[in-house]
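Only one structure is covered here, and it is reproduced in the block below.
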Amino acid sequence: QVQLVESGGGLVQPGGSLRLSCAASGSIDSIYNMGWYRQAPGKQRELVATLTRNDNTNYADSVKGRFTISRGNAKSTVYLQMNTLKPEDTAVYYCNARSVLPEGGYWGQGTQVTVSS
């Protein structure tokens with residue numbers, strides 16, 4: 001079992017920055033991938049960034065060059081640094097941890113990010 005808790009969301013103006021945090025607990029040794037997803041109102045949940053156990057990263061084209069996923073000194077913590085935020089980045093952001101089971105991994109409850117002037 002893995003528990004995930006996101007934090008760091010909020011309201012920010014276009015061009016601003018936020019850093020999201022995801023704290024994992026439980027059977028963290030079973031995790032092989034972690035990632036951030038987001039879901040805007042009326043849209044499907046989409047992949048934002050992933051981080052493997054070996055620290056390989058992948059990003060959605062829409063955030064490449066602006067967002068950075070990283071692991072904290074405590075290996076159970078993952079961050080998403082979001083710079084040059086745009087209104088279209090507005091969404092609920094979810095942390096995800098992948099293990100062998102369950103199929104879709106574990107999910108946090110999400111943190112709201114709103115980019116508006």
Side-chain angles (χ1 to χ4, degrees):
Q1 297 287 331
V2 175
Q3 306 291 327
L4 303 174
V5 179
E6 303 101 331
S7 62
L11 175 64
V12 65
Q13 293 184 336
S17 299
L18 284 174
R19 188 178 75 161
L20 306 183
S21 299
C22 174
S25 61
S27 301
I28 57 176
D29 287 345
S30 69
I31 300 171
Y32 60 81
N33 276 348
M34 294 194 72
W36 288 94
Y37 292 70
R38 67 186 182 187
Q39 187 168 22
K43 302 191 70 176
Q44 296 276 64
R45 189 173 298 186
E46 65 176 353
L47 175 69
V48 176
T50 60
L51 177 69
T52 72
R53 207 171 200 173
N54 295 326
D55 294 326
N56 294 315
T57 60
N58 288 99
Y59 298 93
D61 288 341
S62 59
V63 307
K64 196 171 298 181
R66 299 188 297 121
F67 291 11
T68 303
I69 188 171
S70 62
R71 196 183 312 279
N73 290 333
K75 300 299 183 181
S76 59
T77 302
V78 173
Y79 300 102
L80 184 68
Q81 178 67 46
M82 305 185 294
N83 298 327
T84 320
L85 283 161
K86 305 174 180 179
E88 51 262 44
D89 295 319
T90 296
V92 177
Y93 284 71
Y94 298 91
C95 183
N96 175 256
R98 298 296 176 93
S99 186
V100 175
L101 292 173
E103 179 72 18
Y106 299 90
W107 295 91
Q109 293 300 306
T111 184
Q112 176 72 49
V113 172
T114 302
V115 184
S116 176
S117 59

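Computed from a prediction, not measured in an experiment: that's the story for all the values here.
Annotation: the span from N33 atom CG to I31 atom CD1 amounts to 10.0 Å, rounded to 0.5 Å. Put simply, CD1 on I69 and OH on Y59 are 6.5 Å apart, with the number rounded to the nearest 0.5 Å. For the atom pair OH (Y93) and SG (C22), the distance works out to 15.0 Å, reported to the nearest 0.5 Å. Of the inter-residue distances, the one linking M34 atom CE with S99 atom OG reads 11.5 Å to the nearest 0.5 angstrom. Going from atom CG of L47 over to atom OG of S62 covers 9.0 Å, rounded to the nearest 0.5 Å. Rounding to the nearest 0.5 Å places CZ of R38 at 9.0 Å from OG1 of T90.
Shortest non-hydrogen contact noted between L18 and G8 is CD2-O, 3.9 Å. The minimum heavy-atom distance linking Q39 with K43 is given by the pair NE2-O, 3.1 Å. The shortest heavy-atom contact between S30 and V2 is OG-CG2, 4.2 Å.
Both Y37 and V92 belong to a common hydrophobic cluster when Ile, Leu, Val, Met, Phe, Trp and Tyr are linked at side-chain heavy-atom distances under 4.5 angstrom. Hydrophobic clustering of Ile, Leu, Val, Met, Phe, Trp and Tyr side chains at less than 4.5 Å, counting indirect connections, unites Y106 with I28. When the side chains of ILVMFWY residues are joined at heavy-atom separations under 4.5 Å, either directly or via intervening members, L4 and Y79 end up in two distinct hydrophobic clusters.
One N or O on the side chain of R53 and one on the backbone of D29 form a donor-acceptor pair closer than 3.5 Å. No donor-acceptor pair under 3.5 Å is formed between the side chain of Q81 and the backbone N or O of T68. Looking only at distances, a side-chain donor or acceptor of E6 sits under 3.5 Å from a matching main-chain atom of Q109.
When the ring-ring contact (aromatic ring centres under 6.0 Å, His included) test is applied to Y94, no partner is found at least two apart in sequence or on another chain.
No side-chain heavy atom of S25 sits under 4.5 Å from any side-chain heavy atom of S76. Side-chain contact between D55 and R71 is present, with at least one heavy-atom pair separated by less than 4.5 Å. Two residues are said to be in side-chain contact when any heavy atoms from C-beta on lie closer than 4.5 Å; V115 and E88 fail this criterion. Between R45 and N96 the shortest side-chain heavy-atom distance does not fall below 4.5 Å. Contact annotation: the side chain of L80 approaches that of M82 to within less than 4.5 Å [non-hydrogen atoms, C-beta and beyond]. Contact annotation: the side chain of V113 approaches that of L20 to within less than 4.5 Å [non-hydrogen atoms, C-beta and beyond]. When side chains are defined from C-beta on, C95 does not count as touching W107, because their heavy atoms never get closer than 4.5 Å.
Salt bridge D89/K86: absent, no basic N to carboxylate O contact under 4.0 Å.
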